[in-house]
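I have placed the structure first, in the form of structure tokens, so that the comments after it can refer back to it.
Both backbone and side-chain heavy atoms feed into the values below; hydrogens, waters and symmetry mates do not.
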Amino acid sequence: MFRTAIQRLTSPSSIAAAATAFGAATYAYTLDNPVSASAKAADDSSEMDAIKAWMKETDVKLAKLEANAVSSGVSSLEANAVFSGVSSFMDNSKATNKIDIVLGAQWGDEGKGKLVDMLGMHYDVCARVAGGSNAGHTIVVDNVKYKFHLVPSGILHPATKCVIGNGVVVHMPQFLKELRGLKEAGVDTTGRIFISDRAHLVFDFHQAVDGAQESKLGRNKIGTTKKGIGPAYASKISRNGIRVGDLQDWEYFEERFRALVSSTMSQYPSLNVDVEEELKVYKEIASEIKAMTIDTIEYVNLQHKNGARILVEGANATMLDIDFGTYPYVTSSNPSVGSVLTGLGVSPNKLAGIYGTVKAYCTRVGEGPFPTEQLNDHGEHLGTVGAEFGTTTGRARRCGWLDIPQMQYSAKINGYTALNLTKLDVLTGLKSVFIGTKYVDADTGKPIHGMPASLRQLYKVKVIYEELPGWTEDISKCTAFEDLPPNAQAYVHRVEELIGVPIRWIGVGPGRRDIIYRDV
């Protein structure tokens, strides 16, 4: 019922009625852009400001209505249809049939899944395009924690279809385990999730190889999740990998599987693979997988042509990109914006909003350079208050201050149209907060421009910090930017200024609704 209310509230007739109510000229509204019916009306912004204020006030009222409905027994998924309803209307990019993207802007674990969950109700299709079960997104709904590794977070919205694109590598046992978990939690995924017939499969022996490679590296280990992602992509690039669509022809699948195992064991003689048992497992699940397997390239492009709104959920993050990240301490795919084109099979002119997700500080899991890392009380505060443990591995994350040179590099590559600043609440209680604003060479003191490709140089950078006053006020109940303490507002403004991209969403707590929307 709330979805209907929002649709009525944001319909063309409602906007026109609101304009008339405030004495404004008649406005014609299109899905692409609200346009003035006269030059005078176009120049007169005061009426539209009044309309926006009215819409924001209505949003607050609807939020209260939602809270009452939840306490009266209405499901949170139904009630959450009002969440960001008016706010999303103000973001015109969502009113088109183009493709919006949520990306990780740092080293991962920024909170992408929460934004995807929040935005998901406004989209018809939610897709994953790269990586595999090495990704981990956690969403909290009514104090229930959902952990996703392969299934797109948009699955929590009953009207949203989910796609696993051709660029993803899929470990089927993990994928089916996630679906069973969702079913047990009361989430119906029937007919709502599709896997690309071109996506490659991750097998258990890929995971064994991943672990063996890490052990062999010893002190120089990469710090992978040991989920078999790298070896699976290696099989793909070596052109002996197996794709999801191959399961539809069992004789062909079996032939390719035996050949792949033989090739892999020739490289790793100590590897032990029970070929017959593995084949038995995949034969048992083949029909279940077949029901979800489609040509996602055809599907997504047809959905787009028919006016569907599509949201891409990025996995991992830019600084883990195989090309742009801190190589070799990276993942095996391209978690930056380019993966949307190659991992979903869509053209660049279909892309619209590119939303970078960035923590109010910075974390990293695994090995590799981390210029703003804090091995002190500040780092301990960030890790403890922020509950910084990996969704996929459970490993404690390394913590540090927000790194502006890194974020400027990330923004340059991805072309963010807006940012999602998460976990601002974690900074609460600190007397001062710091922002890493510049890199200089530790030996010469000369400024370093851009992101060094050489790890030796990156390990040696000295970070110049800017100190800002902290705040002690609890911000978890703030629902508008103006509700934040002045020092918290100043922090957001400064980050926005330094990166050069508007901050549209601000996370103030772990809950599903703990996000402030800014009309920027």
Side-chain angles (χ1 to χ4, degrees), residues 128 130-135 149-151 164-180 195-218 221-296 315-316 322 328 330-334 342-343 392-393:
R128 277 278 309 274
S133 55
N134 57 334
H149 299 276
L150 281 164
V151 177
I164 295 178
N166 59 275
V168 181
V169 288
V170 185
H171 184 247
M172 282 302 171
Q174 173 64 43
F175 173 68
L176 295 177
K177 179 182 177 182
E178 282 186 49
L179 292 187
R180 288 193 296 271
I195 314 172
S196 172
D197 52 5
R198 291 175 170 85
H200 277 249
L201 290 168
V202 179
F203 294 103
D204 287 351
F205 64 80
H206 282 132
Q207 298 184 342
V209 168
D210 204 355
Q213 290 177 336
E214 277 288 270
S215 298
K216 189 175 181 180
L217 289 171
K221 65 181 180 177
I222 303 299
T224 76
T225 58
K226 301 180 183 179
K227 296 296 182 181
I229 309 306
Y233 276 118
S235 294
K236 176 179 179 177
I237 299 304
S238 298
R239 296 183 293 279
N240 63 357
I242 301 176
R243 304 198 289 187
V244 173
D246 295 339
L247 268 170
Q248 298 183 33
D249 183 338
W250 180 254
E251 184 178 340
Y252 181 66
F253 174 85
E254 181 177 352
E255 176 186 328
R256 289 191 59 79
F257 182 81
R258 292 183 184 278
L260 177 58
V261 171
S262 177
S263 173
T264 305
M265 291 185 71
S266 68
Q267 300 173 59
Y268 299 91
S270 62
L271 188 65
N272 183 23
V273 182
D274 189 335
V275 174
E276 303 309 320
E277 182 62 28
E278 285 285 291
L279 286 171
K280 179 183 177 182
V281 169
Y282 278 88
K283 193 165 189 176
E284 289 174 351
I285 65 175
S287 59
E288 185 178 1
I289 299 303
K290 183 177 180 179
M292 293 180 275
T293 303
I294 65 171
D295 181 347
T296 56
N316 306 123
I322 189 72
V330 292
T331 191
S332 304
S333 61
N334 293 104
T342 59
T392 299
T393 64

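- For the pair S266 (side chain) and S263 (backbone), a donor-acceptor distance under 3.5 Å is present.
- Looking at F203, F205, Y268 one by one, the single match for side-chain contact (heavy atoms from CB on, under 4.5 Å) with V273 turns out to be F205.
- Across all their heavy atoms, V202 and G228 have their closest contact at CG1-O, 3.8 Å.
- Atoms CD1 and CD, from I289 and E284 in turn, are 12.5 Å apart once rounded to the nearest 0.5 Å.
- Taking the side chain as every heavy atom from C-beta outward, V261 and R258 never approach each other to under 4.5 Å.
- With respect to the salt-bridge test (charged N to carboxylate O, under 4.0 angstrom), the residues K280 and E276 do not qualify.
- Residues that satisfy the side chain to side chain donor-acceptor pair (under 3.5 Å) test with Q174, not counting sequence neighbours, are E178.
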> Run the side chain to side chain contact (heavy atoms under 4.5 Å, CB included) check on M172 and L201 step by step: do they pass?
Replying inline: CA-CA 7 Å; M172 282 302 171; L201 290 168; 3.7 Å; yes

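- For S196 against G165, the heavy-atom pair with the smallest separation is CB-C, 3.6 Å.
- Contact annotation: the side chain of Q207 approaches that of H171 to within less than 4.5 Å [non-hydrogen atoms, C-beta and beyond].
- Judged by distance alone, the side chain of R128 and the main-chain N or O of H149 form a donor-acceptor pair under 3.5 Å.
- One N or O on the side chain of N166 and one on the backbone of T342 form a donor-acceptor pair closer than 3.5 Å.
- Atom CD1 in I242 sits 8.5 Å away from atom CG in L247 (nearest 0.5 Å).
- Applying the 6.0 Å contact sphere to CD of Q267 captures more than 12 heavy atoms from other residues, nucleotides or ligands.
- K236 NZ to S332 OG: the interatomic distance, rounded to the nearest 0.5 Å, is 11.5 Å.
- The NZ atom of K290 sits 14.0 Å away from the CD1 atom of I195 when rounded to the nearest 0.5 Å.
- The two residues S333 and Y233 make their nearest non-hydrogen contact at CB-OH, 3.6 Å.
- Atom CG of D197 sits about 8.0 Å away from atom CD1 of I294, to the nearest 0.5 Å.
- A side-chain donor-acceptor contact under 3.5 Å links H206 and S235.
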>> V209 vs T264, test: side chain to side chain contact (heavy atoms under 4.5 Å, CB included). Steps then yes/no.
In response: CA-CA 9 Å; V209 168; T264 305; 3.8 Å; yes

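- One distance of note links CE of M292 with OG of S287; it measures 9.5 Å at 0.5 Å rounding.
- For the pair L279 and E254, the minimum side-chain heavy-atom distance is below 4.5 Å.
- Side-chain contact between M265 and N272 is absent, with no heavy atoms from C-beta onward closer than 4.5 Å.
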>> Run D204 and E277 through side chain to side chain contact (heavy atoms under 4.5 Å, CB included) and show every step you take.
In response: CA-CA 11 Å; D204 287 351; E277 182 62 28; over 6 Å; no

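- Using a 4.5 Å cut-off on side-chain heavy atoms (C-beta onward), V170 and I164 make contact.
- A donor-acceptor distance shorter than 3.5 angstrom exists from the side chain of R256 to the backbone of G241, with no hydrogens or angles considered.
- Under a 3.5 Å cut-off, the side chain of S238 and the backbone N or O of N240 do not form any donor-acceptor pair.
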>> Walk me through whether F175 and V244 qualify under side chain to side chain contact (heavy atoms under 4.5 Å, CB included).
In response: CA-CA 12 Å; F175 173 68; V244 173; over 6 Å; no

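- Taking each heavy atom of G132 and V168 in turn, the nearest pair found is CA-CG1, 4.3 Å.
- In this structure, Y282 and F257 have tilted ring planes: the angle between them lies in the 30° to 60° band.
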